[in-house]
Each structure stands twice: as C-alpha cells, then as structure tokens.
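Report on one structure; see the data block that follows.
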Protein chains: 2
Amino acid sequence: MQEEMKDAKAKILLVDDEPDILEIVSYNLKNEGYQVYTAENGEEAIKKAKKKKPDLIILDVMMPVMDGIEACEKMRRISELDHTVITFLTARGEDYSMIAGFDAGADDYITKPVKPRVLVSKVKALLRRKDNTAPAASNITKLGDLVIDRDQYKIIYKKEEMILPRKEFELLSLLTTKPGKVFKREEILDVVWGNEVIVGGRTIDVHIRKLREKLGDDSFKTVKGVGYKYVK
Amino acid sequence: MQEEMKDAKAKILLVDDEPDILEIVSYNLKNEGYQVYTAENGEEAIKKAKKKKPDLIILDVMMPVMDGIEACEKMRRISELDHTVITFLTARGEDYSMIAGFDAGADDYITKPVKPRVLVSKVKALLRRKDNTAPAASNITKLGDLVIDRDQYKIIYKKEEMILPRKEFELLSLLTTKPGKVFKREEILDVVWGNEVIVGGRTIDVHIRKLREKLGDDSFKTVKGVGYKYVK
DNA sequence: ATTCCATGTTAGCTTTAGGTTAACTCAATG
DNA sequence: CATTGAGTTAACCTAAAGCTAACATGGAAT
C-alpha cells in the first residue's frame, strides 16, 4: 500500500492560458493526490518550474507571451529539469506541432479535447514510465577502475569504454565474479566454453594474454598448476 | 491471429440485478455482434471486469450487495480498466445519482426506461467515442532524433515521419526499449517472432540491415556471437 | 477472381571478427 | 639441466554476420 505513495506526491506543473482548463484539470489531478502548480504562460511556467522542480510538466502549445514550444526549449536547457517529463497539450490534427514539440525536447503529447479521466490515466502512465526509465536495472560490476556492464557487453577501464570479444568478455566476467578467487582451468572451460567443447591446452592462456594486454598485466595472476585469478 | 478484432466484437459487461433486463438487453447487444457478459451485482461485476477486460461496462446504479457507484469507483482503480468506458443505467429523474456517477468516474449515463434501439445506438456511439479516446494513451519513446510511437506504429526520424513494416518496427521497438543493452538473438526471436515460430538464421540480419538502411548504420551495433544493440 | 505490391523469409554466397592451434620460448622447480 | 606448465606469436580456421536476389505469402486494389 505504501509504494502507491511514491507517485502520489508527484509534482505536476500545468501550463495553459485558459483558466477554465487549468481549474478543471488541476481539480482532477489533485483528486488523484498530485501536487499541482499552474502557470498561464511560458514565462511564468519557467519561473515556477525552476522553483518547484516538478516531475511532470503539461504544456499547452498555443499560449500568449511565450508559447509552449519556446518554453519547452528553454526548460530543456535547465539542468535541474533533466529528469522532468514534459508533455504537450495540442489540438488534435496539429501534427506539425507535435513534431515541433518533440524537436523542442518534449517526451510526449496529449491531444485536446481530452477527458479528465483520460488525462489522469495518461499522467499516471507518464510518471510510471519515468520511474522505470531512471533506475536502469542493469547488472554492473565495479572493481576499482574497471566497470563491467553485462547488459551492454562492454567494459569501462580507466574511464575508457571498450568492447571486448565475446570469449574475452566472458572470461573476464567470470574471473571478476569473485576477485581474488583462483579459478581452475577446468572451471573456466566449463563456464566459458561449455564442457562439451574441447579446446587445446593453450587456448585459455591466449585469452588471458589478450586481457592482460588490454587491462594491464598485473590484474591477472597465474597460479601454476591450478588456474588464474583476478585481483584489483 | 488473435488480435486485430475491430469493435465488431467489442466486449460489453452488463450489470443489473433484474434478470429480465439482463436478458432483453443482452439479446439486443448480441444481435449487433457484441460479446456480452453479465453480472447481477457489483461484486460479480468487478470479478468479471478483471477477467474479461471489457470495452464497455453498463452499470445499473441501484443494486443489492454493492451498488453501481461503489462498483464504479472500485473498477476505476483497476489499471487494466483504464480504457474501459463505464456508463450508468439510472432511472429518469434521479439526478443525484448521475452526479455521483460522474464523480465515481463514469463516462456517461443512460436513463431508464430505455428502448433497446436507443440503447444499442448509444452503445455504438460510446464505443466509437472510446476509439477516439484510446490513441491518446500513446506510448512513445524518444531517443535523440528518433521518436517511436508504438500506438500508431510509426516513427519520426530526423523530423520525418515514416512507417515501418511490422517486423522492422517491432525489432526497432524492442531494441530501443533499452538503448545500449545487447539483445541476444534468442531474445529477439522470442519477442519479435514468438518462440514457437522457427525462422532461419539469417532472418534477423536482414531486418537489421533494413533498419540500418533507413535509420543509419551506426545506430545498430553488432555484438558478434551475442546479438545486437541500439545506440543513439 | 486476378493482379499487384509490400512484406517476410530463405538460400547461398562473401566477408570478417574472433577463436584456436602449433610451434617455439621462457621460467620455475626439484 | 630436465621436466613441466605457462607465455608468446603468428598462421590458420571457422562460425557468425553481411549481403543479395529469389521466392512465398497475404492483403489490397481492380
């Protein structure tokens, strides 16, 4: 029950020049537990956005003083709003404004006229999406100046991104699952090659060598007669 | 084969405590080709709604066990029913129940007594309206100069709108769900083709090639022996 | 029906990155 | 100083991806 709370207090900035719309929409959003701020033009919107750092900004395209597109562009340059979702409100059929909107850095758009219910569910969806996007649940191992990203099949070594061939990556990946532990040659073959395949005796060495070339000699220690280990 | 059913077969959940009404109304709706489910009280209605995810729910206000208002409120909290239209059946003159109904999240109301013909045309209208509403729940991903609209099955690339063949679209759609992540060929087959279908080993490549042609070579990186990834 | 066209799949060939091997060297150990 | 296991190198091999054109299919248009 309490995890429903997290987006319950999401802050939303609603920007439209028609007070009626502001009122009806903000009423509905507040009903859902959101904290709603409003602005009647782009300028005001930017001020409030800076101050409140909302999670979501709903921006009407057509507005006096500063239109939605312009406001959006400006807001996108404000780094505090990096994680803010911006969506446009646009009249149906105005495709050009949709494209312009994306160009200005919007994340989505909602077409008018819109029913409160629909808008609310849309807002929910957007905030949900935001949550999912942020904490990319990737499986990453960090060891000193080496970062191993198993999702992206890449590593970062001394701030430098590099991609390794598959076997090298998997070998490294294995050794670093337990730094310091000595992996027997047999173990390595099992995991990296699969115990059906039979490869010659020097194959592992060659791969170790390549890793040493790329990641520095001293990280890979040989334990004669047994196998290899990775040390920071 | 299972999707692509137009609203000819729209699912309607009809809720009323009077069996006579259930029968006569559902007869008429079925005649029009709708798939009709019935329930005799709010509790039952919620259960069936969850299971069947109807497009439209017609809800009598006055019911034993759980009345329409309460049932409506509960159903509105079920996210699978976000796009379901809910309409009340209310006795003429009961204005209060109409207001309460909207407050509970209903989309419309129908006054009793109602002639079958009228009801049917009302239902048609509601479902038509629903179709206009639904695409507002768009599901859009924006990545640099690429916008993917999963609802409209179209993309915007460098300000240019284009539609991709289904497989290409789905492949792109998958890869972009997690930019940078390497999707294994097997994963891709599972998601885009479905793991029952068996396609030749070169099929994915060809689709990747087409995407590269259209969206630029460098966005699609090959990770040999593993799969592909999308990078901005 | 018939034609036409877009999409999807396949076969078969080319290309290449990646992986393996052989042959030799080196270092450690007893 | 012999033996054994590991290091090194470059040649070689192969599985995997690229590519192209042909074929298959299904839906739309006529």
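We use all heavy atoms of the structure for the numbers below, so side chains are in, but hydrogens, waters and symmetry mates are not. A note on names: the letters A, B, ... follow the listed sequences, proteins ahead of strands, and every chain is numbered from 1.
Under the 6.0 Å cut-off for aromatic ring centres, A:Phe220 and A:Tyr228 do not qualify, their centroids lying 6.0 Å or more apart.
In this structure, A:Asp217 atom CG and D:dG7 atom P are separated by 10 Å, rounded to whole Å. For the pair B:His207 NE2 and C:dT7 P, the computed distance is 11 Å after rounding to whole Å. Regarding A:Asp205, its CG atom lies at a distance of 17 Å from the P atom of D:dA10, rounded to whole Å. A straight line from CD1 of A:Ile204 to C1' of D:dA6 spans 12 Å, rounded to a whole angstrom. The distance from atom CZ of A:Arg185 to atom P of D:dT4 is 16 Å, rounded to the nearest whole Å. Distance A:Lys221 NZ to D:dG7 P: 13 Å, rounded to the nearest Å. Regarding A:Glu168, its CD atom lies at a distance of 9 Å from the C1' atom of C:dG18, rounded to whole Å.
A sub-4.0 Å separation between OP1 or OP2 of C:dT9 and a side-chain N or O of B:Trp193 is present. For D:dA16, neither phosphate oxygen OP1 nor OP2 lies less than 4.0 angstrom from any side-chain nitrogen or oxygen of B:Tyr228. Checking the phosphate oxygens (OP1, OP2) of C:dA6, no side-chain nitrogen or oxygen of B:Arg166 falls inside 4.0 Å. In this structure, B:Thr222 does not reach the D:dA16 phosphate: none of its side-chain N or O atoms is under 4.0 Å from OP1 or OP2. Listed pair B:Arg202 / C:dA11 fails the phosphate criterion, with no side-chain N or O lying under 4.0 Å from OP1 or OP2.
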With salt bridge (Lys or Arg N to Asp or Glu O under 4.0 Å) as the criterion, how do A:Asp205 and A:Lys210 come out once you've worked through the C-alpha distance, each side chain's angles and the decisive distance to 0.1 Å?
CA-CA 9 Å; A:Asp205 310 34; A:Lys210 286 175 180 164; over 6 Å; no

A:Arg185 and A:Asp190: salt bridge (Lys or Arg N to Asp or Glu O under 4.0 Å), yes or no, with the steps?
CA-CA 9 Å; A:Arg185 297 178 88 90; A:Asp190 272 13; over 6 Å; no

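For B:Lys224 against C:dT16, a side-chain-to-base donor-acceptor contact under 3.5 Å is present.
B:Tyr37 and B:Glu44 share no donor-acceptor pair across their side chains, judged by distance under 3.5 Å alone. A:Thr141 and A:Arg150 form a side-chain donor-acceptor contact under 3.5 Å, judged by distance and modelled atom types alone.
Where B:Ile208 and A:Ile208 each meet DNA chain D at their nearest nucleotide, the meeting point lying more 5' is that of A:Ile208. Comparing B:Val199 and A:Thr203 by the nucleotide of DNA chain C whose heavy atom lies nearest to each, the residue mapping closer to the 5' end is B:Val199.
Nearest to the side-chain atoms of A:Arg209 among the listed nucleotides D:dT9, D:dA6, D:dT20 stands D:dT9.
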